[in-house]
2 protein chains.
Amino acid sequence: MLSFFTVDCVILTFHEGILKILLTERNEYPYKDWWALPGYFVDKGEEMEDAVKRIAYESTGLKDIYLEQLAAFAGIKRHPEGRILTVAYIALVRYDDVKNKIKPVTNYMRQAKWFDVNSLPELAFDHKQILNLSLINLKKNINFSMSPFELLPEKFTLTQLQQIYEAILLEPLDKRNFRKKILNLGYLKELEEFQTGVSYRAARLYKLDKKKFQKLFP
Amino acid sequence: MLSFFTVDCVILTFHEGILKILLTERNEYPYKDWWALPGYFVDKGEEMEDAVKRIAYESTGLKDIYLEQLAAFAGIKRHPEGRILTVAYIALVRYDDVKNKIKPVTNYMRQAKWFDVNSLPELAFDHKQILNLSLINLKKNINFSMSPFELLPEKFTLTQLQQIYEAILLEPLDKRNFRKKILNLGYLKELEEFQTGVSYRAARLYKLDKKKFQKLFP
DNA sequence: ATTTAATAGTGTAAAAAATACACATTATAT
DNA sequence: ATATAATGTGTATTTTTTACACTATTAAAT
């Protein structure tokens with residue numbers, strides 16, 4: 001009599017100033033044809049995190065993505081066929097890494113598609129609630145986790161970073177104050193490289209010094 | 001084929017400047033006779049939080065205690081008989097409320113006993129790891145959650161509050177600065193009452209203004 | 001009545017961090 | 001050359017944090 005449960009992934013990325021979430025169209029009952037978080041049963045001999053990675057891979061084509069456990073959801077009525085516990089994870093991916101991936105198809109999902117987090121279809125199960133908690137969580141932890149950098153390419157501009165903060169915090173930030181503060185933290189490396197392919201003044205690129213970051217937030 | 005899982009409670013209290021955790025002596029295999037977090041299987045028709053409340057009641061005699069979900073643990077090898085997922089909760093109780101309760105006995109636990117969090121017996125399963133994560137979590141959230149007040153009686157002195165901060169943060173704090181800061185937050189009500197029964201100058205009592213607190217940290 | 005012991009309670013100066021706010025600069029496209 | 005679109009920068013003010021030491025009060029002991 002072992003545990004039988006699912007994992008669900010809140011897979012987020014950032015593009016054009018907006019947080020996007022990956023949803024899959026279910027190909028199984030219950031909620032067949034509904035949009036839902038990518039998720040499935042954890043195999044008997046499979047570690048939970050491996051299941052999350054497998055599902056994230058099946059829906060994005062990416063391996064080695066950033067994961068954090070969000071919470072377990074076990075409401076008796078969350079699943080119409082009886083209580084199925086799910087452990088929800090937050091996964092953050094870079095838009096550049098996923099934009100050209102062919103969306104894979106598995107038995108249990110017909111397609112995967114990115115949605116603006118602010119304009120979503122109705123979701124299966126309690127997945128809307130799981131997403132809401134994810135966004136609250138992200139907001140709460142933005143200053144102590146690497147999450148903003150997991151949404152950015154290795155080299156990024158300060159404006160891009162600021163936009164992610166704004167999208168997560170849901171409020172505009174002052175450019176000068178934002179830069180002063182973030183540079184003062186001391187974990188950004190200023191590069192001698194600049195944006196390319198823009199029709200206006202190219203911005204300087206920065207990258208995260210992970211060692212310094214982790215010294216500050218162990 | 002529904003979910004079958006346990007909940008485990010990290011029940012903490014505060015007494016004489018030290019965080020204490022409630023452990024139970026197991027009366028069931030595996031780990032029979034070991035000390036472990038209070039925890040048990042969630043019944044089929046029982047909501048997870050209700051199971052936590054039930055177990056916390058069975059081990060402390062208290063109802064309506066403060067609870068927060070910590071995380072799910074599902075390592076394949078965490079349970080010697082095969083993977084049993086557990087959802088860990090943090091529970092905070094007031095020492096005054098529990099000190100005189102008779103320790104209840106159930107089928108699955110022989111006795112319950114308070115231990116200093118810094119001087120523990122070896123624990124069953126991965127319970128040491130669960131406790132460690134709890135303490136990290138508490139420390140991280142001390143400034144944004146009501147946790148310090150859940151460990152104090154309704155009316156408390158600023159010194160008591162400071163001691164809880166110190167025990168959770170694992171560092172000494174300056175008395176004047178602590179008072180200035182905490183009073184500045186504006187959610188403590190100064191009472192016209194004082195400590196009794198002490199053989200030195202009696203300290204003023206304060207209480208938490210929950211409305212103001214929740215306005216600040218919704 | 002006086003002393004002792006134990007903790008409560010208090011202020012200020014200096015440093016650091018947060019906030020509010022506006023314009024010149026640069027690269028490209030036309 | 002000019003228009004356009006975003007980059008990049010400084011200062012004054014306020015707020016918060018930090019460092020630091022002595023007097024006040026009470027009960028118990030003498």
Side-chain angles (χ1 to χ4, degrees), chain A residues 14-18 139 142-144 148 152-153 155-207 212-213 215-217, chain B residues 14-18 139 142-144 148 152-153 155-207 212-213 215-217:
Chain A
F14 185 76
H15 183 55
E16 291 176 339
I18 292 170
K139 188 170 169 179
I142 187 172
N143 284 308
F144 317 108
L152 285 171
K155 301 172 182 181
F156 50 83
T157 69
L158 294 182
T159 300
Q160 288 173 316
L161 182 59
Q162 181 177 342
Q163 283 170 344
I164 286 179
Y165 270 78
E166 291 175 335
I168 292 176
L169 296 176
L170 303 173
E171 64 183 8
L173 301 174
D174 176 84
K175 184 159 56 152
R176 281 175 290 188
N177 293 341
F178 177 77
R179 284 164 183 240
K180 199 190 313 173
K181 186 170 166 178
I182 202 91
L183 291 174
N184 240 329
L185 293 172
Y187 55 67
L188 291 190
K189 270 199 265 236
E190 180 179 295
L191 302 177
E192 291 308 317
E193 295 174 60
F194 295 81
Q195 247 180 337
T196 54
V198 289
S199 73
Y200 45 79
R201 177 174 178 181
R204 180 184 291 276
L205 297 174
Y206 290 79
K207 64 186 219 185
K212 287 188 183 164
F213 185 91
K215 229 176 245 178
L216 279 168
F217 305 106
Chain B
F14 184 77
H15 183 55
E16 290 175 341
I18 292 171
K139 187 171 170 180
I142 188 172
N143 284 308
F144 316 108
L152 286 171
K155 301 171 182 181
F156 50 83
T157 70
L158 293 182
T159 299
Q160 289 173 317
L161 183 59
Q162 181 176 342
Q163 284 171 343
I164 286 180
Y165 270 78
E166 290 174 336
I168 292 176
L169 296 176
L170 303 173
E171 63 183 9
L173 301 174
D174 177 84
K175 183 158 59 152
R176 280 175 292 189
N177 292 340
F178 176 77
R179 283 164 184 242
K180 199 190 315 172
K181 187 170 165 177
I182 202 91
L183 291 174
N184 239 331
L185 293 172
Y187 54 68
L188 291 189
K189 269 199 270 241
E190 180 180 295
L191 303 177
E192 291 308 318
E193 295 175 60
F194 295 82
Q195 249 181 336
T196 55
V198 289
S199 73
Y200 43 79
R201 177 174 178 180
R204 181 185 289 277
L205 297 174
Y206 290 79
K207 63 186 222 185
K212 286 189 184 164
F213 185 91
K215 230 176 243 177
L216 280 168
F217 305 107

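Note that the structure is predicted; figures quoted are calculated from it, not measured. Letters A, B, ... are given to chains in the order of the sequence lines, protein chains preceding strands, and every chain is numbered from 1.
Here the C1' atom of nucleotide D:dG8 and the CZ atom of A:Phe194 are 11 Å apart, to the nearest Å. With rounding to whole Å, B:Phe178 atom CZ is found 18 Å from C:dT7 atom P. When rounded to the nearest whole Å, the span between CZ of B:Arg179 and P of D:dC22 equals 18 Å. Straight-line distance from the CG atom of B:Asp174 to the P atom of C:dA8: 14 Å, rounded to whole Å. One can place CZ of B:Arg204 at 14 Å from P of C:dA8, the figure rounded to the nearest angstrom. Atom CZ of B:Phe156 and atom C1' of C:dT7 are 18 Å apart (whole Å). Regarding B:Gln163, its CD atom lies at a distance of 16 Å from the P atom of C:dA6, rounded to whole Å. Between B:Ile182 atom CD1 and D:dT17 atom P the separation is 11 Å, expressed in whole Å.
Side-chain contact between A:Thr157 and A:Phe194 is absent, with no heavy-atom pair separated by less than 4.5 Å. B:Phe144 has its side chain out of reach of B:Leu216: every pair of non-hydrogen atoms, C-beta onward, lies at least 4.5 Å apart.
Between the side chain of A:Asn177 and the base of C:dA20, at least one donor-acceptor pair of N or O atoms lies under 3.5 Å. One cannot find a donor-acceptor pair under 3.5 Å joining the base of C:dT10 and the side-chain atoms of B:Lys180. With hydrogens and angles ignored, no donor-acceptor pair closer than 3.5 Å exists between the side chain of A:Lys181 and the base of C:dT19.
Taken to the nearest 0.5 Å, the NZ atom of A:Lys139 stands 7.0 Å off from the CD atom of A:Glu171. Here the CD1 atom belonging to A:Ile164 is positioned 8.0 Å from the CD1 atom belonging to A:Ile142, to the nearest 0.5 angstrom.
Contacts of B:Asn184 with the nucleic acid, taken as non-hydrogen atoms under 4.0 Å apart, are absent.
Among B:Arg204, B:Lys207, B:Arg179, the one residue that satisfies the salt bridge (charged side-chain N to carboxylate O under 4.0 Å, His left out) test with B:Glu190 is B:Arg204. Among A:Glu193, A:Gln160, A:Gln195, the one residue that satisfies the side-chain hydrogen bond (donor to acceptor under 3.5 Å, both in side chains) test with A:Lys155 is A:Glu193.
For B:Tyr206 and B:Phe156, the ring centers sit 6.0 Å or farther from each other.
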**Study point:** Annotated protein contacts, base or backbone, on nucleotides 22-30 of chain C with a non-hydrogen cut-off under 4.0 Å, one of B, S, - each
**Key:** B--BBBSS-

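OP1 or OP2 of D:dT7 lies within a sub-4.0 Å distance of a side-chain N or O belonging to A:Thr159.
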